[in-house]
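Any value given below was found using the heavy atoms of this structure, including those in side chains, with hydrogens, waters and symmetry copies removed. A note on names: the letters A, B, ... follow the listed sequences, proteins ahead of strands, and every chain is numbered from 1.
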Amino acid sequence: MSKVETGITVNLPDGSKFSLDGGATVADLAKSIAEGLYRKAVGALINGELKDLYTALSDGDTVRILTAEDPSALELLRHSTAHVMAEAVQRLFPQAKIAIGPTITDGFYYDFEIPEHSLSLEDLSKIEEEMKRIVKENQRIVRHQIPNVDQQISDFRSAGEKFKVELLEEHKNESPTLYLMQDKDGKTVWNDLCRGPHLPATGVIKAFKLLKVSGAYWRGDEKREQLQRIYATAWWKATDLEEYLHKLEEAERRDHRKLSKQLDLFSVHDEVGPGLIFWHPNLATIRNVIEDFWRDTHRKSGYQFVFTPHIASEKLYEISGHLQSYGENMYSAMDIDGQPYRAKPMNCPGHIMIYKSRLRSYRDLPLRLAELGTVYRYERSGVLHGMLRVRGFTQDDSHIFCTPSQLEDEINGILDLVEFMMKTFGYTYKAYLATRPEKSLGTDEEWAMATGALEAALKSRGMEYEVDEGGGVFYAPKIDIKLYDAIGREWQGPTVQVDLNLPQRFDVTYIGEDGERHQAIMLHRVVLGSMERFCGGLIEHYAGVFPTWLAPVQAIVLPIADRHREYALTALAKLQARDVRATVDDKSETVNYRIREAQMQQVPYMLIVGDKEAADGSVSVRHRRDGDLGMVKLDDFVERIAAEIKERQ
RNA sequence: GCCGACGUAGCUCAGUGGUAGAGCAGCGGUUUCGUAAACCGCAGGUCGUGGGUUCAAAUCCCACUGUCGGCUCCA
């Protein structure tokens, strides 16, 4: 390192410094540190940003060299695998035009326009084979600064790559780059307009799989070209890929629609219409337990319960503005005595009517109105999905009317309730503070006040959160809580919004201490979201194995022979006397058969009773997961299960 | 709504132009049993709906409808 004057010094992750010649790249750095490192290096984090191996370093950069198998380099891997996939597609379908191919959670996709061909599953395996060939060819992936953008645009145009033309025209002033795929002779065999970064060569790609084809629009705009999208995943190790595919299978096993058939939970019917859920007794039982829990918790938190009509004159939704801003999701009007009425899409206007039914004093506030309110919303046919996306659903809705000085405490109260309820169901969660979007109503001061109150509440309770910049709705900043289920999947959870619109539209006011009229603050919040989505999610979260307090049948008594029937009924009566949901299965089938059936129905406790038990006033307890727990006194078992239910276990 | 795939008995699925099948569930009988499937029998389908091609259609074609995977949005 003699040329220190013209050279640069970079920082390594262990805190040491390393001097290099000016213009040195990550690859040079790796080579200088160790030949072995250089061979394994695929990219780097430079000052925390993912870059490729041939990026020139600047003085003072902090560099962490990434090797294959480094999880931080997964994005490089997936992005490059996306290019390999696009190259393979164009080899097989020369008429295919490439659009974009970003990485996503756990994988990547690439969008194509392929005239006169619809990709099939067979095509996917062919494309995979072609990709393996490209990997085997170990093509070099080379970053190439476009020297003459106009020339490149015209090249893309003559190749018919209209999407690339459009993209390049947008980015022409940002020194755009191509990534070239080169064979072993250094000849460019494929290229893509891309910001990068990428792997140095295709040879390190090993474990990938194409998962599904679907439709997508160019730039997500349904007025633009319909494209074909291939979803795929890529991992450094075959075992990681297997693990991921296994996780997908596990998700499929937990699918609430599948479990619904096994456990007899819900149905939808052609004769009735899509997106309308019929709750069968088993799931209705679960829902009732949850609703009782919900009511109990809310009562203790100072909420008052209300009911509001399912249809209302259009006038209401003109005032609320829903007709103008939400009309597309509302069902068309029905004629009642010559007046147009609508099915309610939201509960808020109804709750405001109750608030406005008389003059409110600051002494009345905060007023917390809660309702399990059923609403109907038009969802396009293609988006309906089991219980998770439906056209009629019941929200655990509440609107809190308060003064500005009460706002922060109210938000905190909601978050208390949210945390308690989510912990009860065993979800972990994370909070997001969604701030003012570009298109929005209200003044800067109002947004600052409302957003500030949300943030202050989060801070005061030490709740971790991320800011979702511009993620608020047009009339409100909000706190979104994302839930993580038993297999780590993310679900939309509770939300809290500070409404800056409806109090004005409806003139929601109270008389203050000063005897003057003031505009009330209005909070919207849901904890469970909708009963449909929440219960659907819960089925998947528990994989159908509901904890005892929720299980439709909590204990099933199995008499061994007909002569034990009477004792079984005694046991049943004792269980039912303590509100345990119990049944007796005295079908003329073997004990084994009845155990198997109860086991498959995920009944928490099976109580086997024969001569010994009848003589002793006992039951032999089998737990669905822990198996045979031996004989216990019936009374002791009843106490035990009652306690378990009370503790919501 | 758009792109693609699919729709056979309550459920899971076989059947690709020549008389609709299996297992489980259901029903009837026998069995009275000790911790995940006793045995025998019976019944069950206008092959999503409508139209077309053909001597003949679950099978090929068209339309509709629903479901599934996505796109957009969201509880």
Quick tally for nucleotides 37-45 of chain B: nucleotides whose base has a protein heavy atom under 4.0 Å get B, sugar-phosphate-only ones S, the rest -, giving BB-------
Which parts of nucleotides 70-75 of chain B does protein reach within less than 4.0 Å, heavy atoms only, written one letter per nucleotide 5' to 3' as B for base, S for sugar-phosphate only and - for none?
BBBBBB
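Contact annotation: A:Lys261 reaches the phosphate of B:U12 (side-chain N/O to OP1 or OP2, under 4.0 Å).
B:C13: Watson-Crick or G-U partner is B:G21, with both key distances under 3.5 Å. Nucleotide B:C68 has B:G4 as its partner under the Watson-Crick or G-U criteria, with both atom distances under 3.5 Å.
The interatomic distance linking A:His117 (NE2) with B:C3 (P) rounds to 16 Å, in whole Å. Spacing between atom CD of A:Gln602 and atom C1' of B:A36 amounts to 12 Å, rounded to whole angstrom units. Between the P atom of B:G69 and the OH atom of A:Tyr109 lies a distance of 19 Å, rounded to the nearest Å. In this structure, A:Arg565 places its CZ atom 16 Å from P of B:C33, rounding to the nearest Å. Note: CZ (A:Arg594) to P (B:U32) measures 13 Å, nearest angstrom. Put simply, CG on A:Asp562 is 13 Å from C1' on B:U30, counting in whole angstrom units. Put simply, CG on A:Asp111 is 15 Å from P on B:G4, counting in whole angstrom units. Between the CD1 atom of A:Ile608 and the C1' atom of B:A36 there is a distance of 11 Å, rounded to whole Å.
The stretch residues 615-638 of chain A touches RNA chain B through A:Ser620, A:Arg622, A:Asp628, each having a heavy atom under 4.0 angstrom from the strand. Using a 4.0 Å cutoff on non-hydrogen atoms, the parts of residues 264-280 of chain A near RNA chain B are A:Asp270, A:Pro274, ordered by number.
As rounded to the nearest Å, B:G23 and B:G41 have P atoms that lie 11 Å from one another. Separating the P atom of B:G7 from that of B:A43 is a span of 29 Å, rounded to the nearest Å. Taking the C1' atom of each, B:A38 and B:G34 are spaced 15 Å apart, rounded to whole Å. Comparing B:U49 with B:A20, their P atoms sit 16 Å apart, to the nearest whole Å. If you take atom P in B:A22 and the same atom in B:C68, they sit 30 Å apart, rounded to whole Å. B:C24 and B:C42 have their P atoms separated by 14 Å, given to the nearest Å. Annotation: B:U53 and B:C3 have their P atoms spaced 28 Å apart (nearest Å). The gap from the P atom of B:A36 to that of B:U72 amounts to 49 Å, rounded to the nearest Å.
A salt bridge does not link A:Arg436 to A:Glu469: none of the charged nitrogens lies less than 4.0 Å from a carboxylate oxygen. Using a cut-off of 4.0 Å between Lys/Arg side-chain N and Asp/Glu carboxylate O, A:Arg565 and A:Asp586 are scored as salt-bridged.
Proximity of the aromatic rings of A:Tyr326 and A:Tyr317 is defined here by a centroid distance below 6.0 angstrom, and this criterion is not met. Ring centroid separation for the pair A:His269 and A:Phe278 comes in under the 6.0 Å cut-off. The aromatic ring centroids of A:Phe534 and A:Phe425 lie less than 6.0 Å from each other.
Checking A:Arg224, A:Lys162, A:Lys164 one by one against A:Glu113, the salt bridge (charged side-chain N to carboxylate O under 4.0 Å, His left out) holds for a single residue, A:Lys162. Partner of A:Gln492 under the side chain to side chain contact (heavy atoms under 4.5 Å, CB included) criterion, out of A:Ile481, A:Asp480, A:Val526: A:Asp480 alone.
Partners of A:Ala614 by side-chain contact (heavy atoms from CB on, under 4.5 Å), not counting sequence neighbours, listed by chain and number: A:Tyr567.
For the pair A:Ile411 and A:Leu523, the minimum side-chain heavy-atom distance is below 4.5 Å.
With hydrogens and angles left out, the side-chain atoms of A:Tyr605 and A:Glu644 include a donor and acceptor closer than 3.5 Å.
Under the 3.5 Å distance criterion, the side-chain polar atoms of A:His564 are matched with a main-chain donor or acceptor of A:Asp611.
Among residues at least two apart or in separate chains, salt bridge (charged side-chain N to carboxylate O under 4.0 Å, His left out) pairs with a member in residues 210-223 of chain A are A:Glu166-A:Arg219, A:Glu170-A:Arg219, A:Glu222-A:Arg380.
Projected onto RNA chain B by closest heavy-atom contact, A:Leu227 and A:Asp611 fall at different nucleotides, the more 5' of which corresponds to A:Leu227.
Atom-to-atom distance recorded for A:Leu92:CG and A:Leu119:CG is 10.0 Å, nearest 0.5 angstrom.
Both tests pass for A:Arg229 against the ring of A:Tyr109: distance under 6.0 Å to the centre and angle within 45° of the axis. The side-chain tip of A:Lys482 does not point at the ring of A:Tyr429 from less than 6.0 angstrom away and within 45° of straight on.
Within 4.0 Å (heavy atoms only), A:Ser118 reaches sugar-phosphate atoms of the nucleic acid but no base atom.
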